[in-house]
Amino acid sequence: MEVCCNLEVDVNGEQIFLVDKKTVASYCGKLSTLFGRSKGSLRNLKVIFQGFPGGAEGFELMLKFCYNNGNLEMSPSNVPLLYSVAEFMEMNSEISGTQNLQEQIEKFLEDISDWTWSELLNALKRCQDLCNTPLVVVDKCLDCLVGRLNLAVEASSCPSTSSPDSWALRVSCDTKSSESLKTGFSNGLWWFDELLVLTPDFVKMIVQFMLKRSFDEVVVSKFLIYYQKSKFSTATRDEKRKIVEVVIETLFVLEQNSISCKSLFSILRVGLGLNIDKCIRNKLEKMIGARLDRGSLDNLLLPSPSGMNYLYDVNLVLRFVKAFLHEKTSRTCPMALRRVARLMDLYMAEVAPDPCLKPSKFLSLAKALPEYARSSHDDMYRAMDMYIEVHTEMTEEEKVKICCALNYEKLSVETFLNLSKNTRFPSMSSLQALVSEQVTLKSLLQTAKNSKSITHECGGKSTDRAETGDRVVLYAEKLDFPDDDEKLKAHIEGIQWRVMELERVCTKLEAQMGKVMKSRVTSSHSELKSLPWLCS
């Protein structure tokens with residue numbers, strides 16, 4: 001074939017080619033369209049390409065195809081580049097019929113199941129090196145690669161729900177070759193290392209294919225954590241941020257039980273120093289919040305952001321609690337709520353000594369969970385006591401607001417007695433504690449009255465009751481019950497013991513409060529007027 005070099009082509013500023021315009025244009029729709037629109041002389045033409053796939057290498061492959069009458073030897077190593085060139089130069093059926101490059105490549109890809117693991121992986125590496133990623137080739141390679149991994153998992157002797165560390169994947173993933181994909185591995189996670197050659201964007205794509213094939217999500221999450229930790233050793237700061245963001249976005253679509261709370265906190269600590277995208281960080285916080293009942297105090301002790309003078313990031317913990325409550329609204333879990341309440345009590349005790357922590361923030365921590373989350377408020381009281389002791393500059397009003405987060409009916413007798421002697425707490429809280437305990441006492445006395453009638457019916461001896469002023473004292477004798485009614489006996493005796501115990505405490509409190517009231521009656525009266533029981 002006679003070749004006339006009548007077209008000068010500048011490829012990405014790298015190299016200039018002199019080619020036969022007619023030959024090249026017969027296979028390239030982009031050049032054919034360009035020359036068809038030209039109204040001037042077609043001699044001494046020069047075309048400049050910017051962003052040509054593969055640069056000079058890609059252009060040379062295209063010329064080989066054009067000068068060889070639309071034929072070219074294809075391989076897994078050059079197909080990604082060829083397909084990108086075909087798309088860029090519009091080498092499709094509209095310009096050269098069945099001889100077009102794009103359709104020939106698609107036909108070649110029909111036999112992708114014959115490719116070895118190494119060929120698939122090398123083809124993917126070539127795809128991610130190209131500016132114009134050939135998505136058709138990428139999708140086919142990823143689908144085939146994940147399919148082989150899935151077959152290997154199914155062929156494993158251990159169930160997919162077991163620990164992935166116990167897998168022993170020694171099966172061949174080449175459908176037409178006796179060559180084993182990997183031999184000599186006792187650890188079924190050999191492919192974790194193999195996939196480290198992929199960029200974060202390609203990792204995101206391969207995980208999407210894994211999920212389409214119902215891949216074990218526990219294994220997927222372990223791979224993502226492994227990928228993040230392994231790539232960090234050689235990555236730049238920008239690369240680390242990209243890796244973390246992709247890992248977070250990918251983990252976000254997995255099932256909640258597929259990743260531990262500890263792993264998420266580990267990612268968070270890394271992400272805090274990389275200034276990751278706010279939207280992505282919100283996703284991570286939601287994931288952590290949904291699993292907050294599985295967290296620990298050490299997990300929550302995260303340093304405050306730069307520019308803040310308090311020690312720990314209290315606002316972050318409050319967002320965790322908010323995410324937890326939002327997640328649990330549709331499926332209430334009392335045990336999980338109790339665990340988070342216990343965790344928050346520990347956290348409050350830890351941050352209470354911080355002299356820079358504002359009362360409003362501490363109060364937000366105390367009120368972060370609904371009242372029914374705690375069966376006892378003893379730990380919260382101790383945290384409050386520590387906070388008030390450290391923050392001596394607090395006003396009486398600020399103390400009252402903090403104390404109003406306490407439910408005095410959920411304080412034990414010992415803690416209640418401690419509160420009555422605690423001079424650091426405001427007088428109003430002592431008053432409210434007394435009133436609250438009196439309400440409880442009246443309720444128990446009423447129960448005791450009812451139990452007296454039950455005692456008569458059960459054949460037991462009655463109790464003698466003596467009233468002195470406002471106090472009611474029960475003198476309980478040993479009750480005789482039939483042997484078949486021991487539970488009822490224990491219940492009634494327990495109520496009477498509790499009433500006697502509370503009566504003793506109430507007597508002590510009245511004596512102490514009598515002294516306190518003389519000095520504080522005026523101030524307490526004004527407080528009651530201005531702040532009528534904030535907790536009610």
Side-chain angles (χ1 to χ4, degrees), residues 117 120-121 124 142-143 145-171 173 181-182 184-235 239-271 274 276 280 283-296 298-299:
W117 171 271
L120 284 170
L121 212 52
L124 285 172
L142 288 176
D143 186 56
L145 185 144
V146 172
R148 295 185 188 188
L149 283 178
N150 204 32
L151 287 174
V153 171
E154 291 176 357
S156 173
S157 58
C158 298
S160 63
T161 54
S162 66
S163 172
D165 292 327
S166 63
W167 293 352
L169 307 184
R170 292 190 179 91
V171 299
C173 289
L181 174 60
K182 281 285 176 181
F185 284 91
S186 60
N187 188 334
L189 304 182
W190 53 264
W191 54 274
F192 280 22
D193 280 320
E194 293 281 309
L195 298 185
L196 290 179
V197 299
L198 300 180
T199 63
D201 288 332
F202 271 64
V203 165
K204 188 175 182 178
M205 285 190 283
I206 198 171
V207 168
Q208 290 172 349
F209 276 91
M210 288 178 175
L211 297 181
K212 286 179 181 178
R213 288 180 175 268
S214 300
F215 218 81
D216 189 345
E217 293 190 12
V218 174
V219 179
V220 174
S221 68
K222 287 181 180 294
F223 163 65
L224 290 169
I225 300 299
Y226 182 84
Y227 178 84
Q228 178 242 313
K229 291 181 178 179
S230 300
K231 297 288 281 187
F232 262 39
S233 59
T234 57
E239 289 171 341
K240 288 179 180 179
R241 180 168 58 250
K242 176 67 175 178
I243 291 169
V244 170
E245 289 179 346
V246 167
V247 168
I248 293 172
E249 283 194 301
T250 310
L251 289 173
F252 190 72
V253 301
L254 301 183
E255 289 291 333
Q256 188 178 121
N257 294 328
S258 63
I259 183 170
S260 68
C261 192
K262 180 181 178 181
S263 296
L264 291 175
F265 271 108
S266 176
I267 296 174
L268 177 64
R269 289 182 181 274
V270 173
L274 295 174
I276 59 176
I280 295 176
K283 289 182 178 180
L284 179 58
E285 291 178 5
K286 288 179 181 178
M287 285 192 285
I288 292 175
R291 301 162 177 80
L292 190 58
D293 57 302
R294 299 172 232 169
S296 66
D298 288 340
N299 295 148

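Reckoned from all heavy atoms, side chains included, excluding hydrogens, waters and symmetry mates. Note that the structure is a prediction, hence the values are computed from the model and not measured.
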Asks: If you apply the rule side-chain contact (heavy atoms from CB on, under 4.5 Å), what do you find for Gln228 with Val270, and how did you get there?
Replies: CA-CA 10 Å; Gln228 178 242 313; Val270 173; 4.2 Å; yes
Asks: Looking at OG1 of Thr234 and CD of Glu239, how far apart are the two atoms once the value is rounded to the nearest 0.5 Å?
Replies: 7.5 Å
Asks: Ignoring hydrogens, what is the shortest heavy-atom contact between Glu194 and Trp117? Give both atom names and the distance.
Replies: OE1-NE1, 3.0 Å
Asks: When you measure from the side chain of Ser221 to the backbone N and O of Ser258, does any donor-acceptor pair fall under 3.5 Å?
Replies: yes
Asks: Which of parallel (below 30°), tilted (30 to 60°) and perpendicular (above 60°) describes Trp191 and Phe223?
Replies: tilted
Asks: Between side-chain atoms of residues 203-214 and protein atoms elsewhere (two or more places apart, or another chain), which donor-acceptor pairs fall under 3.5 Å?
Replies:
from, atom 1, to, atom 2, distance (Å)
Lys204, NZ, Glu249, OE1, 3.4
Arg213, NH2, Asp143, OD1, 3.3

Asks: Which heavy-atom pair separates Leu274 from Arg241 by the least distance, and what is that distance?
Replies: O-CD, 3.3 Å
Asks: So does Ser296 get a backbone contact from the side chain of Asn299, meaning a donor-acceptor N/O pair under 3.5 Å?
Replies: yes
Asks: Taking all atoms of both residues into account, what is the closest heavy-atom pair of Ala235 and Ile243, and its distance?
Replies: CB-CD1, 4.3 Å
Asks: Where is the tightest heavy-atom contact between Val219 and Phe192, given as atom of each residue plus distance?
Replies: O-CZ, 3.8 Å
Asks: Is atom NZ of Lys286 surrounded by more than 12 heavy atoms (other residues, nucleotides or ligands) closer than 6.0 Å?
Replies: no
Asks: For Asn257, which residues count as a side-chain contact (heavy atoms from CB on, under 4.5 Å) partner, sequence neighbours excluded?
Replies: Arg294
Asks: Looking at CD1 of Ile259 and CG of Leu251, how far apart are the two atoms once the value is rounded to the nearest 0.5 Å?
Replies: 4.0 Å
Asks: Determine whether Val218 and Glu255 make a side-chain contact, defined as any pair of heavy atoms from C-beta on separated by less than 4.5 Å.
Replies: no
Asks: Could you list the donor-acceptor pairs under 3.5 angstrom formed between side-chain atoms of residues 260-268 and any protein atom two or more places apart in sequence or on another chain?
Replies:
from, atom 1, to, atom 2, distance (Å)
Ser260, OG, Ser263, N, 3.2
Ser260, OG, Ser263, OG, 2.9

Asks: Identify the two heavy atoms, one from Phe202 and one from Leu124, that lie closest to each other, and give their separation to 0.1 Å.
Replies: CE2-O, 3.9 Å
Asks: Which pair of heavy atoms, one from Leu195 and one from Tyr227, lies closest together, and at what distance?
Replies: O-CE1, 4.1 Å
